[in-house]
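In what follows, a structure is listed as structure tokens, so that the remarks can point back to it.
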Amino acid sequence: MSKIISLSSGDSPDKHIAQSFFHHKQTELDELFDTLCCPEDAQPQGVTHGTLFAIKGFNALPRTAHAIVYRLLCTWINPWKGKKFDALQGANILFSKKGSTAFGYYHVAQMKDDKGRPFISLNYDHERNIALLKCIRGEARLLRQGTWLARMRLKSRKGLSTLLYFTLEENV
């Protein structure tokens, strides 16, 4: 865990936080995620900027190689720009950071994991989604004010498996 950055109010601007995770494996991010809190009144608001990393399957690559891939995903080649939150539901934002093109809708609720620790749940079992998306679950915890660490999970008969991690930054 000590390899994961420590976050304090004096750290660099939010846009650099996601990049600091590019060299970390999913197991390290799982450990960090478990240590984060989620205050009962906290929830991402409005349009958030997203950054993808720790994609399942990339762990086999050397850390430098997957860090390069994640930097590429921060460019125009990645259509996913983040998420839009509106009270108890939301959607993924594609192509424009303004939130005008949405896909992949989810219900937002605060839940608790098996150890009683709260997190924000993004449940894609939403009436506007195609069947393929309905087995996706997102989980988010507050990394620091305005910045969330989140993971996308796939629900199957074997349980939940983590597919990737991402950050969500508010007020970008």
**Message:** Before you tell me yes or no, could you show the steps for V47 and E170 under side-chain contact (heavy atoms from CB on, under 4.5 Å), namely the whole-Å CA-CA distance, both residues' side-chain angles and the distance that decides it to 0.1 Å?
**Reply:** CA-CA 7 Å; V47 175; E170 297 177 46; over 6 Å; no
**Item:** Check: W80 side chain, G82 main-chain N or O, donor-acceptor pair, under 3.5 Å
**Value:** yes
**Qualifying residues under ring-ring contact (aromatic ring centres under 6.0 Å, His included), relative to Y165, sequence neighbours excluded** = none
**Item:** Main-chain N/O of E28 paired with E31 side-chain donor or acceptor, under 3.5 Å
**Value:** no
**Request:** Treat each ILVMFWY residue as a node, draw an edge where side-chain heavy atoms are under 4.5 Å apart, and state whether F33 and M111 are in one component.
**Result:** no
**Request:** Could you list who else is in I68's hydrophobic cluster, with ILVMFWY side chains joined at under 4.5 Å, directly or through other members?
**Result:** none
**Item:** Close side-chain approach of C38 and I120, heavy atoms under 4.5 Å
**Value:** yes
**Message:** Quick check: do F103 and I93 have side-chain heavy atoms less than 4.5 Å from each other?
**Reply:** no
**Beyond-backbone contact of L73 with I55, side-chain heavy atoms, under 4.5 angstrom** = yes
**Message:** One pair to check against side-chain contact (heavy atoms from CB on, under 4.5 Å): F119 and K112. What are the steps and the verdict?
**Reply:** CA-CA 6 Å; F119 65 92; K112 292 189 179 186; 5.5 Å; no
**Asked** Does any non-hydrogen side-chain atom of L168 lie less than 4.5 Å from one of T147?
**Response** no
**Asked** Do H126 and Q89 touch side chain to side chain, with heavy atoms closer than 4.5 Å?
**Response** yes
**Item:** Side-chain heavy-atom pair R137, L160 within 4.5 angstrom cut-off
**Value:** yes
**Request:** Answer whether the closest heavy-atom distance between the side chains of F53 and C74 falls below 4.5 Å.
**Result:** no
**Message:** Give me the atom names and distance for the closest heavy-atom approach of L163 to Q26.
**Reply:** O-NE2, 3.4 Å
**Message:** One pair to check against side-chain contact (heavy atoms from CB on, under 4.5 Å): E40 and Q110. What are the steps and the verdict?
**Reply:** CA-CA 7 Å; E40 287 190 29; Q110 187 158 97; 3.6 Å; yes
**Message:** Test of understanding: with side chain to side chain donor-acceptor pair (under 3.5 Å), list the residues that count as partners of Q45, not counting sequence neighbours.
**Reply:** none
**Message:** Test your reading of the model: is there a side-chain donor-acceptor pair from R141 to the backbone of P118, 3.5 Å cut-off?
**Reply:** yes
**Complete:** Those residues at least two apart in sequence (or on a different chain) that pass side-chain contact (heavy atoms from CB on, under 4.5 Å) with I130 are L132, L133
**Message:** Can you see whether N92 engages K83 through a side-chain donor-acceptor pair at a distance of less than 3.5 angstrom?
**Reply:** yes
**Request:** Keeping to residues at least two apart or across chains, list the salt bridge (Lys or Arg N to Asp or Glu O under 4.0 Å) pairs with something in residues 114-127.
**Result:** D34-R117, D113-R117
**Item:** Verdict with reasoning, L36 to L143, per side-chain contact (heavy atoms from CB on, under 4.5 Å)
**Value:** CA-CA 7 Å; L36 298 175; L143 194 53; 3.9 Å; yes
**Item:** Contacts of I77 that satisfy side-chain contact (heavy atoms from CB on, under 4.5 Å) - sequence neighbours left out
**Value:** L72, T75
**Prompt:** Taking ILVMFWY side chains as joined if any heavy atoms are under 4.5 angstrom apart, and letting links pass through other members, which residues group with Y105?
**Reply:** none
**Item:** Contact summary for V108 and G90, nearest pair of heavy atoms
**Value:** CG2-N, 4.3 Å
**Complete:** Across all chains, not counting sequence neighbours, the side-chain contact (heavy atoms from CB on, under 4.5 Å) partners of C135 are L154
**Request:** Mind checking the CG-OG1 spacing from D30 to T35? Nearest 0.5 Å is all I need.
**Result:** 11.0 Å
**Request:** Any side chain to side chain donor-acceptor pair (under 3.5 Å) involving residues 152-163? Give me the pairs, sequence neighbours left out, ordered by first then second residue.
**Result:** E139-R153, R153-T162
**Asked** Who are the side-chain contact (heavy atoms from CB on, under 4.5 Å) partners of L142, not counting sequence neighbours?
**Response** P39, W148
**Message:** Side-chain heavy atoms under 4.5 Å apart, restricted to Ile/Leu/Val/Met/Phe/Trp/Tyr: what other residues fall into the cluster of L88, or is it alone?
**Reply:** none
**Residues which pass ring-ring contact (aromatic ring centres under 6.0 Å, His included) with Y106, listed by chain and number, not counting sequence neighbours** = F85, Y124
**Message:** If you compare all heavy atoms of L94 against all heavy atoms of K81, which two are closest, and at what distance to 0.1 Å?
**Reply:** C-CG, 4.4 Å
**Message:** I want to check something: taking the side chain as every heavy atom from C-beta on, are E169 and T167 in contact at a cut-off of under 4.5 Å?
**Reply:** yes
